[in-house]
Amino acid sequence: MSEAKKYNAPVTNPESAPFWEAAKAGKFMIKRCTTCGEAHYFPRAICPFCFSDKTVWEESSGEATVYTYSLMRKSPTGPYAIAYVTLKEGPSLQTNIVDCDLETVKIGQKVKVVWKPTDGAPLPFFTPA
């Protein structure tokens, strides 16, 4: 039986601390600008669209669609899939697709967030919905 993969704890800072605290409760948070209305990820204080500092935390559904992906078959830690997924709320993010047969991953596939434990806050990954 193979041992569960270990992940390093995320490095936090005051700006990202609310994200990681929510992650401990299983909530995937994004930021939304109250000036232009755009949602963004990775959450940060300044809107990357209009540069306003009027942003608020919002819980994401954690539902997404695979935009593109790449299978890394030759790796010292074993094969893995890296992907860009687009959240139901709009933002796209880079992630890993986990807990599935990697040969079945497809562009346009529906995925959902899953949390992997660390010595600190859990890390978000995505798995087929």
Side-chain angles (χ1 to χ4, degrees):
M1 182 190 246
S2 68
E3 195 173 307
K5 183 169 176 142
K6 295 196 182 245
Y7 298 98
N8 293 326
V11 176
T12 63
N13 60 48
E15 189 175 32
S16 67
F19 176 85
W20 297 113
E21 284 305 310
K24 291 176 184 176
K27 295 178 181 179
F28 188 76
M29 303 300 285
I30 59 175
K31 278 280 194 120
R32 185 168 300 275
C33 178
T34 59
T35 300
C36 71
E38 293 286 339
H40 59 272
Y41 182 90
F42 189 82
R44 52 199 171 273
I46 303 296
C47 174
F49 300 101
C50 72
F51 307 110
S52 169
D53 64 351
K54 310 267 188 287
T55 61
V56 294
W57 289 100
E58 177 180 298
E59 185 175 358
S60 167
S61 65
E63 299 171 5
T65 304
V66 175
Y67 175 74
T68 191
Y69 71 97
S70 195
L71 294 181
M72 306 302 181
R73 291 182 175 89
K74 294 183 179 185
S75 165
T77 58
Y80 65 95
I82 191 166
Y84 272 100
V85 300
T86 303
L87 293 171
K88 187 177 179 180
E89 295 80 8
S92 294
L93 61 125
Q94 187 176 21
T95 187
N96 287 95
I97 306 295
V98 297
D99 301 337
C100 68
D101 176 358
L102 299 179
E103 298 298 328
T104 65
V105 176
K106 303 281 184 239
I107 291 173
Q109 182 175 14
K110 300 296 183 195
V111 291
K112 63 183 179 182
V113 72
V114 292
W115 298 97
K116 297 295 181 181
T118 71
D119 289 335
L123 293 174
F125 293 93
F126 284 78
T127 192

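Values in this document were obtained by computation on a predicted structure and should not be read as measured data. Computed over heavy atoms, backbone and side chain alike; hydrogens, waters and symmetry mates excluded.
- Taking each heavy atom of Ala81 and Leu102 in turn, the nearest pair found is CB-CD2, 3.8 Å.
- Val111 and Phe42 fall within the same hydrophobic cluster, where Ile, Leu, Val, Met, Phe, Trp and Tyr residues are linked whenever their side-chain heavy atoms come under 4.5 Å apart, directly or through other members.
- The only option from Ile46, Leu93, Thr55, Ile30 that meets the side-chain contact (heavy atoms from CB on, under 4.5 Å) definition with His40 turns out to be Thr55.
- Qualifying side chain to side chain donor-acceptor pair (under 3.5 Å) partners for Ser52, counting only residues two or more places apart in sequence or in other chains: Thr35.
- In the hydrophobic cluster analysis, where Ile, Leu, Val, Met, Phe, Trp and Tyr join through side-chain heavy atoms closer than 4.5 angstrom, Val113 is grouped apart from Tyr80.
- For the pair Ser60 and Lys88, the minimum side-chain heavy-atom distance is 4.5 Å or more.
- Judged by distance alone, with hydrogens and angles left aside, the side-chain atoms of Glu15 form a donor-acceptor pair with the main-chain N or O of Ala45 at under 3.5 Å.
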Give the table of side-chain donor-acceptor pairs shorter than 3.5 Å for residues 116-129, with sequence neighbours excluded, one pair per line with atom names and distance.
| from | atom 1 | to | atom 2 | distance (Å) |
| --- | --- | --- | --- | --- |
| Lys116 | NZ | Asp99 | OD1 | 3.0 |
| Lys116 | NZ | Asp99 | OD2 | 2.8 |
| Thr118 | OG1 | Gly120 | N | 2.9 |
| Thr118 | OG1 | Gly120 | O | 3.4 |
| Thr118 | OG1 | Ala121 | O | 2.6 |
| Thr127 | OG1 | Val98 | O | 2.8 |

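- Aromatic ring pairs are classed by plane angle as parallel below 30°, tilted from 30° to 60° and perpendicular above 60°; the pair Phe28 and Phe19 is perpendicular.
- Scanning for side-chain contact (heavy atoms from CB on, under 4.5 Å) contacts around Arg73 gives Leu71, Glu103, with sequence neighbours left out.
- To the nearest 0.5 Å, atoms CD (Glu59) and CE (Met29) are separated by 6.0 Å.
- With contacts defined as side-chain heavy-atom distances shorter than 4.5 Å, the pair Lys31/Trp57 qualifies.
- The line from SG of Cys47 to CD of Glu38 is 7.0 Å long, rounded to the nearest 0.5 Å.
- Taking Ile, Leu, Val, Met, Phe, Trp and Tyr as members and joining any whose side-chain heavy atoms lie under 4.5 Å apart, directly or through other members, the hydrophobic cluster of Tyr84 also contains Tyr67.
- Note that the OG1 atom of Thr12 and the CD atom of Glu21 stand 8.0 Å from one another [nearest 0.5 Å].
- Contact check for Ile97 versus Val85: side-chain heavy atoms found under the 4.5 Å cut-off.
- Checked against ring pair (Phe, Tyr, Trp, His ring centres under 6.0 Å), Phe49 has no partners two or more places apart in sequence or in another chain.
- Under the rule for a salt bridge (charged side-chain N to carboxylate O under 4.0 Å, His left out), Lys27 has no partner lying at least two apart in sequence or in another chain.
- Looking at heavy atoms from C-beta onward, Gln94 lies in side-chain contact with Ile82 at the 4.5 angstrom threshold.
- The shortest non-hydrogen separation linking Cys36 to Cys33 is N-SG, 3.4 Å.
- A chain of hydrophobic side-chain contacts below 4.5 Å, direct or via other Ile, Leu, Val, Met, Phe, Trp or Tyr residues, connects Ile107 to Leu87.
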